[in-house]
Amino acid sequence: MNNYLSKKIKSLPVSATLEMAAKARELKNKGIDIIGLSLGEPDFNTPDFIKDASIQAIKDNYNSYTPVDGYEELKQAVCEKFKRDNEINYEPNQIVISTGAKQSIANTIQVLVNEGEDVLLVAPYWVSYSAIVTLAGGNPIEIRSDISTDFKISPSKLEKSITKKTKLLIINSPNNPSGSVYSEDELVELSKILDKFPNIFILSDEIYEHINYGIPHFSFAKIPSMYNRTITVNGLAKAFAMTGWRIGYLGAPSWIAKACTKMQGQITSGTNCIAQRATISALKAPVSKIQYMVEEFSERRKLIISLLNDIKGIKINKPMGAFYVFPDISYFFGKTIKNIKINNASDFAIFLLEKAHVATVTGDAFGCPNNIRISYAASREVIVNAIERIKKVLNC
Ligand code: GLU
């Protein structure tokens, strides 16, 4: 029956993050004690004040279709958030609320990218960017970076990657999976290159904005010359522990927001009414209300870095944001451990799953074949246990 499926879906890769999480879940259901560090999902509960707002919304009978681009009150709250946290001025007609930041990204790419146009992705990049670009008929073009530059690119590297076909650049700071954060100066330097190419748009994925350990977050759209061609994407999943609520949003020039609304209107309509009401409360609250989670992530970061630094052959950068480490594990390529030959990062991730019962994600999926991603959005005990298991199977 597979023959009946479209070429498009047959050539689409499965999301590596979700695939690994499903594999881990499957093994857990079979009774195997798997430690899941594959998914970027906070282990905290959604804060009570947000849950209370959703219960109130149910009681208040918020149950009808919502406006395609989101409740007016929520769009207003998003504008206030952008002003308060990012010093960017957006009006409600520049905001679109979606079912997760993933949909905001997909909408943007669908409405901007034509068949055959190039989208620049800084590798390592989040797994779904390239698949979404391909679905839109565009060409995902990788700009490579590595641990020696803290997985960031220089302005000259950006300039060399631009061609006549370049339509969009995706910037993701703090970065998933490397945790790298671009400083304001670094972003301004990149924007000076983009000043020379006025037909290129920029999608700035800022979903990890609040999970930051020291380099102040800077929004690309705050740069005056970039404002009119930047789409700022954010959401509630990571910093508010609301992954399953599926709320993302974007701020963009109004003509792009309007096009995204048109796209969304044909595909999913407005997003969930209860989750939108809860998000109004989440965004209106001071950021200090979620700081306890960031502080805990910061402790876990220190812990996992020190534990991994103890393992021979593992090289890591110091992530300044998000909740992932992205070690280079190429030292193990070509080695046979516990009768398993490790040829690449996928083999290594599968080896860890099968022998240590620790789920991670292969770096190939992020455009970096020498690395694996480990999420430390798990308790300190779980992290210690996971790294002990890894050490044991690697004989360190
Ligand atoms: N963004 C998260 C991750 O990278 C969630 C899974 C996904 O949608 O890729 O793990």
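Quick note: numbers below take in every heavy atom, side chains included, and nothing from hydrogens, waters or symmetry partners. Each residue takes its place number in the sequence, starting with 1. As the structure lists them, so they are numbered: ligands from 1, and atoms in each ligand from 1.
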(request) Write out the residue and atom name of the closest protein heavy atom to atom 9 (O) of ligand 1, then the distance separating them to 0.1 Å. (result) T17 OG1, 2.7 Å
(message) Looking only at the aromatic ring of each residue, does the gap between the centers of Y227 and Y90 stay below 6.0 angstrom?
(response) yes
(message) Checking contacts here: is it the side chain or the backbone of F366 that comes within 4.0 Å of ligand 1, counting heavy atoms only? Could be both or neither.
(response) neither
(message) Under 4.0 Å between a side-chain nitrogen and a carboxylate oxygen: does that hold for E189 and K192?
(response) yes
(request) Name the orientation class of the two ring planes belonging to F297 and F323 (parallel below 30°, tilted from 30 to 60°, perpendicular beyond 60°). (result) tilted
(message) Considering both backbone and side-chain atoms of W126, is one of its nitrogen or oxygen atoms within less than 3.5 Å of a nitrogen or oxygen in ligand 1?
(response) yes
(request) Any atoms of ligand 1 less than 4.0 Å from a non-hydrogen atom of G40? List them with their elements. (result) 3 (C), 10 (O)
(request) Answer yes or no: does an N/O atom from V127 fall short of 3.5 Å to an N/O atom of ligand 1? (result) no
Which pairs would a plain distance check flag for residues 250-262, meaning a side-chain donor or acceptor within less than 3.5 Å of a matching protein atom at least two apart in sequence or in another chain?
unit_1: T261; atom_1: OG1; unit_2: A257; atom_2: O; d: 2.9

(message) Need the ligand 1 atom indices (1-based, order shown) with element for anything under 4.0 Å from a heavy-atom of Y324.
(response) 3 (C), 4 (O), 10 (O)
(request) Under 4.0 Å, heavy atoms only, figure out whether ligand 1 is touched by the backbone of M20, its side chain, both or neither. (result) neither
(request) For the pair D205 and Y129, evaluate side-chain hydrogen bond (donor to acceptor under 3.5 Å, both in side chains) and give the outcome as yes or no after the intermediate values. (result) CA-CA 10 Å; D205 177 355; Y129 293 152; 2.6 Å; yes
(request) Tell me, please, whether Y376 has R300 positioned over its six-membered ring: NZ or CZ under 6.0 Å from the ring centre and within 45 degrees of its axis? (result) no
(request) Between L18 and ligand 1, find which residue part has any heavy-atom pair under 4.0 Å and reply side chain, backbone, both or neither. (result) side chain
(request) Answer side chain, backbone, both or neither: which part of N176 comes under 4.0 Å from ligand 1, heavy atoms only. (result) side chain
(message) Contact between ligand 1 and K238 is defined here as a heavy atom of the residue under 4.0 Å from a ligand atom; is it met?
(response) yes
(request) Flag the pair K238 and E209 as a salt bridge only when some basic side-chain nitrogen lies within less than 4.0 angstrom of an acidic carboxylate oxygen. (result) no
(message) Just to confirm my output: which protein heavy-atom neighbour is closest to atom 8 (O) of ligand 1, and how far is it?
(response) K102 NZ, 3.0 Å
(message) Between V122 and L203, is there shared hydrophobic-cluster membership here, with clusters defined by ILVMFWY side-chain heavy atoms closer than 4.5 Å?
(response) no
